Each structure stands twice: as structure tokens, then as C-alpha cells.
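Notes to accompany the following structure.
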Amino acid sequence: MQKTVLSVNAISKGFQHLKAVNNISFTVGQGDIYAFLGPNGAGKTTTLRMLLDIIKPDSGHIAWSLNGKQNQLPAAGQIGYLPEERGLYLDIPILKSLVYLASIRGMEKAAAKKTALEWLERLGLADRAKEKLQVLSKGNQQKIQFVASILHKPTFAILDEPFAGLDPINQEIFIDYIKEINKQGTTILLSAHQMPLVEKIANKIFLINKGHELYNGDLTGIYQTFGDKTIIELQLESPFNETTFLNLNGVENIEIVDDIHAKITFGQKTRLKDVLHDLTKIEGICDVTSHKPDLHEIFLQLVKKQ
Amino acid sequence: MNYLKQVITVTRWEFSRFFKPKNEALGIIIMVLTSLVFYFGGKYAFSDTDKKAVIHIGAEMDASLGEFLGSHYVVKEIPKAEMDSFIEQISHEKEGILLETEAENFVVYAYKNTRAIKKLKARLTEYHQQREMQKIGLSHDELAALLSPATVVESFVYADNSGKRVVLSYFFAGLMIMALFLSFAYQFTAITGEKQLKITEQIVSAISPQVWMDGKIFGISFTGISSMLTYAILSIVGGMLFFQFTGMPASGILDYLYLPSIAVYLPFALVGIFIWNAILAAIASIITDPNNSGKSSLMMLPMVFVIASFLVIRDPDNGFSVFLSWFPLTSATSMPMRWAITEVSYLQLAGSFITLLLTFYFLRKLAAKIFRVSILITGKEPSFREVYKLSKLK
């Protein structure tokens, strides 16, 4: 049975007139890659900051259980943190900064230096170890920032928007890094709003919007619960008329993309064969494609229901 | 990782960030060069003043005046007929002094009023006094007795308040001002810089605000103290060289270095610098944009208190001086200054030091709390009221 390493129970946090996080609960098991998903301002970063005791919840309870020790907050060495607000010492040599950040988390200097050099080697930056961070490109600075958060080999890593500001190639590289450190035994809790990327690595997700929970559980579970629907994407010859399609059997939602493109969601019991049959009766359709809803579409559905 | 180990790690980091031996050495070289330029430049510029100055007097002037002036000046006589042309020559050549008498008065012609004229006036006053005394018939011995100072047999309870001790206490205050200037600059750069570079969140996820604040206070204090000690040693060496050059034994510097006073100064200065670094760190924590913040000027606050300590020198035993030597924001400088120039009981010394230590203990806690609160406020810079309100929350 999977061991629970983090248990969050009914936490809430408000700032002046804004309720940033509203009564949310979840648990993270050992070895999970747990993704917090939601748009900007959903309450993801506030939640992560509460887990690290940077800010205190107004109500609720957070319990950690890392390496068999029950703590309100684990030791610094057990936690890795990549903050949403990125920043490192720009005027200090890269290696020196990395060793310092690992050493304040309890890693011995010699070990930190050795591991930092190994990471820099992998990133192709070993020959620039003694250069100041400010001379690196933004992408490389992001990589150094990531390394700084996991260099000390934490038991649990919290990565706030790890893909933000990365190009598609580097996003894929980061996915590989995250999978790798997870394989080596680090439990991951990450926040993101790029759902296709999260689908590639997370095994559990928490969908959050305006501080409220939309879904909490296995990634596979969300498809079973909300994904057994059919989405038909249409291209028309003339401007889309919604009323023409509203009367079709099983229509749950119509999303007009532009004048001649639309997405129609059909309910779970609707068969694709019947839908296509009905569509043949409508004139002016140039193109039809169908697919099961992805995470992004499920999220939008849940937000609409909220 | 325990508190102490974390504080040591942060302290070493902050110290190494700002203490640059290369820059320190460069500063020392510049200071030595400047001193040498001043010393030898001054010597060269005033080399003429060591020689006897030349003074021109009218040929028909009283011989006794010429004789009197002859012991201080090279006296040259000018015939009356040449006087006007000599005065004209002074205005062209911008040098030369001509002295003549009109009845009982002295008349001096020179290009402008200089130190040499002031000296000449003093000599003429001396000559005038001697002449007047001779007129009333005083003998040379009577004149000497009249001019000699009163004999006072001195008996003081505290006899160590020599000018040398005052010099030492000024030296203490000067070193403190230097350490505070450095602390101000580094603390401001360190904290506002980290806030602007957005490093703070990463750091406080690993260590508590208290560890972070303590490390900053100690690390930057030690940077200031290192510079302070470097320049103190340099000043002592400079003093020894000065003594050597001016014909006094180099060991004369030891008369100024009263060890018991130094022994008192060091711990007081150390804790005092810690206190001011805690206050500076707290102020820097609530500054979001150092270029536009109205709170930046508050960083100069410590100077007011250190400068107030100078009042102790005027009368170290009056009530206000005693207050300054107990009040924690001034005692770090005032108490060692008082200790150097007057008698202070060990009980007062211990009481003042304990008060200083307790103040530091609570101020560092307050500084960490202010820092913790200020990182929660994003966007606009928090007001003191907002910081106070938030600090009351858990």
C-alpha cells in the first residue's frame, strides 16, 4: 500500500477581500508525481507556500510524514523548492551559488560541489561553472534554477510552474529531468497550467480554480469520470449557426471557435455512429474530426459547471 | 541541520559576498598614497616656512625694533626714498612685507593678509609689551616674574584624562562610524538586492527568517568589523611612521593605545554593530524599490546616535553623558568613550553591556519578524502601519 507523505486537510487562505484558497484537501503518496493544475490566480502558488510554511493557512491542517518522521514541516534537506518567482545571485559564480543553496539545505560542501558539477556536465554548462549567472541565456538560467532546487537530492520536491518560460524543446527536457529524479526516489508536487505537459508525467492531479477544488485524484480517474464523452470538431462553409446543432441528440456543450469552426461535446451515452449519421443531414459541413476530451477540455467543462 | 550550523553557513556566505580582500587592499593602497601625498606635498609646499622670513623695514626705524625682529626674521632696511617703489613692487610680485612706524603705530604693507602677517603682529605685540614695561621701570627679573604663569600644585582623584585618551575616544567613535557606513551600504545592497532578484523565497523555503536575518546581521557586521580592524591597524602603523618622521620615538604611539579602554571598546563595538545591523536589516526588508523608497533615508539613522556620543567628551560625568552610556543605541560608543576619559564603575560597565546584549537579542527577533511580514506583501511597498498590523497576526 502506498504511504502518504503529505496530508492536507481543509486549508483556506484569504488576502484582504480575496479568498485565494478555499477549504481544499488532498494527500500525496510516496513516489507520486502530483500535479496542481489551474489557471493563473487559481490559488496554486498560495497552496504551495502554505505547505512550506512561508505563509500560514487561516484554517485547516497540513501534516508531513517524510522518512518515517511525522512533522509539521520537514527538515530543509528533505525538501526541494522551485519557486514561481525565479531568482538566483546573478553576480556570483554559478557553482558557488549552487553549492551555497545546497549547503543551507544541509548538504556537505564537497558533496554539493561534486553533484553540482555532475548536473552542469549534463546541462552542457560544466565549462561555465565559474562564470557569473548573468552571462547565461534565460533558458540556461532556468536550468540552473531547477538544479538549485533538487541538487541536495530531496525526498520531496515542490516545483512551482517548472515549465514556465521554457521553449518546447526545453519543456521536454524538463519532463525527462522530473521523471528521472522521481525514479530516483523523489516525490514530486508540481503546479502548472500547461495541461498537455502535465498529462505526460503526472499520476495524480488536483484541478483548482478560484481557490476551489474541481477534481482531486488519479489522472486515469478523471478520464473515466469526465472523459467518456465525444468531441466533434466541425468546419463549415458559412458562418456557424448554433441553433442548427442544439437540437442534435446528446449535445452537452457547443464551443464556437470562430465564424466557421466549432467544437460540440456529446454526452457519455451518445454513440459516434449516431452523431455522424445526424451530421450528414446538415448541409455546409466541410470537415469533421472527433476525439475524446483531453485534460484541458475536461478542465474547461468543470469550470463551466462550477 | 541545526540553527547554529545554518547561521554559520549564511554568515560565511554574506561575509564572503562583501569582504573582498582585493578591494580592501586597493583601498589601503589608495589611503597610504593619499597620506604620503599629503605628508610630503605639505612638507614641500611649506618648506619655505622653515626658513627665516624676510622683512623689510624703514632705514630710520628704531634700532631696538630691528634688533628684536632680527632674532625671528631676516631684516633688510630700505631707505625712505625707495619705499614707494618697494610698495609698488609688492603689488607686482605679490610677495614681500614692509614695516614702518608712524608715531606709536606700526604700519605693515603686504600683498594680502597671510599667516606671516598674523605672526608678525604677534611679534610686534610682544615688542610693544616689553617696551611699555621698560617705560615703567621694571627690571628684567621683575618682568620675567610678571610674565611667568602661576604655580598650581595639582591633586586629582582621577588623573588619567589626558589629551591622549580623548584622542583614543575620538578614534573609537571614528571607527564605529566607518563600520556603520559599511554596514549601511552592504545591508542595503544585500537585502534589497535579494528582494529584487527574487531570491528571498528560495532562501526562506530552506531556512527560517530568523536564521536568514541572524546570518545577515553577523556576516555583514563581520565585514564591517574586518574593515574597521584593518584600518585601525593601518592607522596605528601610520601613527608610528608619523612619530618616526617627526623625530619622536615610534613607541610613542603606545601612549595613545590604552589597553583597558581598547578591551572595553571591542565587545561594546561588536554588539553595537550587531544592533545597528539588525535595525538596518529590518528597514531594508520593507524597502521594495531602493531607488524610489522614502524609507531609504532611514538607513542614515544610526549616524545620529553615534554622533550624539561625541557629547560625552565635553563632560563625561554629567547626567546626559551617563544616560548616553546606558542607552542601547548610543552606549556602544559612549560607554567606551567615557571609560577612556573618566572613572566608570565596573557595575555601570556590566549593566550597560547587559542592556546592550538584551537589546540586540530582542531587535534581531523583531527584525526577523518584520522580514517575514514584509515578504508577504507584494506589489506596493508596505507602510509601517501595514507591517505593524501584519506582525500581530500569527
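We name chains A, B, ... by the order of the sequence lines, and we start the count at 1 in each one. It should be emphasised that the depicted structure is a prediction, and the values quoted were computed from it without experimental measurement.
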Exercise for review: Kindly say whether A:Gly38 contributes a backbone atom to a donor-acceptor pair with the side chain of A:Asn209 at under 3.5 angstrom?
Suggested key: no

Check your understanding: Within a strict 4.5 Å, meaning less than it, do heavy atoms of the B:Ser235 and B:Phe171 side chains meet?
Key -> yes

Point to revise | Charged N-O contact under 4.0 Å between A:Arg122 and A:Glu118 | key: no

Review point. Quick one: which residues of residues 89-100 of chain A reach chain B at under 4.5 angstrom, heavy atoms only?
Key: A:Tyr89, A:Leu90, A:Ile92, A:Lys96, A:Ser97, A:Tyr100

Point to revise | Per-residue contacts, residues 128-136 of chain A versus chain B, heavy atoms under 4.5 Å | key: none

Review point. Rounded to the nearest 0.5 Å, what separation is found between the CD1 atom of B:Ile286 and the OG1 atom of B:Thr192?
Key: 12.5 Å

**Study point:** Residues of residues 146-160 of chain A contacting chain B, heavy-atom criterion under 4.5 Å, by residue number
**Key:** A:Ala148, A:Ser149

Check your understanding: How many angstroms lie between atom CZ of B:Phe362 and atom CD1 of B:Ile275, to the nearest 0.5 angstrom?
Key -> 12.0 Å

Practice item. Measure the spacing between OG1 of A:Thr47 and CD1 of A:Ile55 and express it to the nearest 0.5 Å. Key: 8.5 Å

Check your understanding: Given the side-chain rings of B:Phe172 and B:Phe268, with only the six-membered ring counted for Trp, is the space between their centroids under 6.0 Å?
Key -> no

Revision key, fill the gap. Here the gap from A:Ser137 atom OG to A:Gln142 atom CD, rounded to the nearest 0.5 Å, amounts to 9.5 Å

Review point. Nearest 0.5 Å, what's the CD1-CD1 distance between A:Ile188 and A:Ile181?
Key: 3.5 Å

Review point. B:Arg364 versus B:Phe274: any side-chain heavy-atom pair under 4.5 Å?
Key: no

Point to revise | Note, A:Leu48 side chain near A:Thr45 side chain (heavy atom, < 4.5 Å) | key: no

Check your understanding: Should the heavy atoms of other residues, nucleotides or ligands under 6.0 Å from CZ of B:Phe353 be counted, would the total exceed 12?
Key -> yes

**Study point:** A:Ile11 side, atom CD1; A:Met50 side, atom CE - distance, nearest 0.5 Å
**Key:** 3.5 Å

Review point. Is any side-chain heavy atom of A:Asn170 closer than 4.5 Å to a side-chain heavy atom of A:Phe163?
Key: no

Review point. Counting distance only, does the side-chain N/O of A:Ser65 pair as donor-acceptor with the main-chain N or O of A:Val5 below 3.5 Å?
Key: no

Exercise for review: Kindly say whether A:Leu37 contributes a backbone atom to a donor-acceptor pair with the side chain of A:Lys44 at under 3.5 angstrom?
Suggested key: no

Study note, to complete from the structure: Checking heavy-atom separations under 4.5 Å from chain A, one finds in residues 205-233 of chain B B:Ser205, B:Ala206, B:Ile207

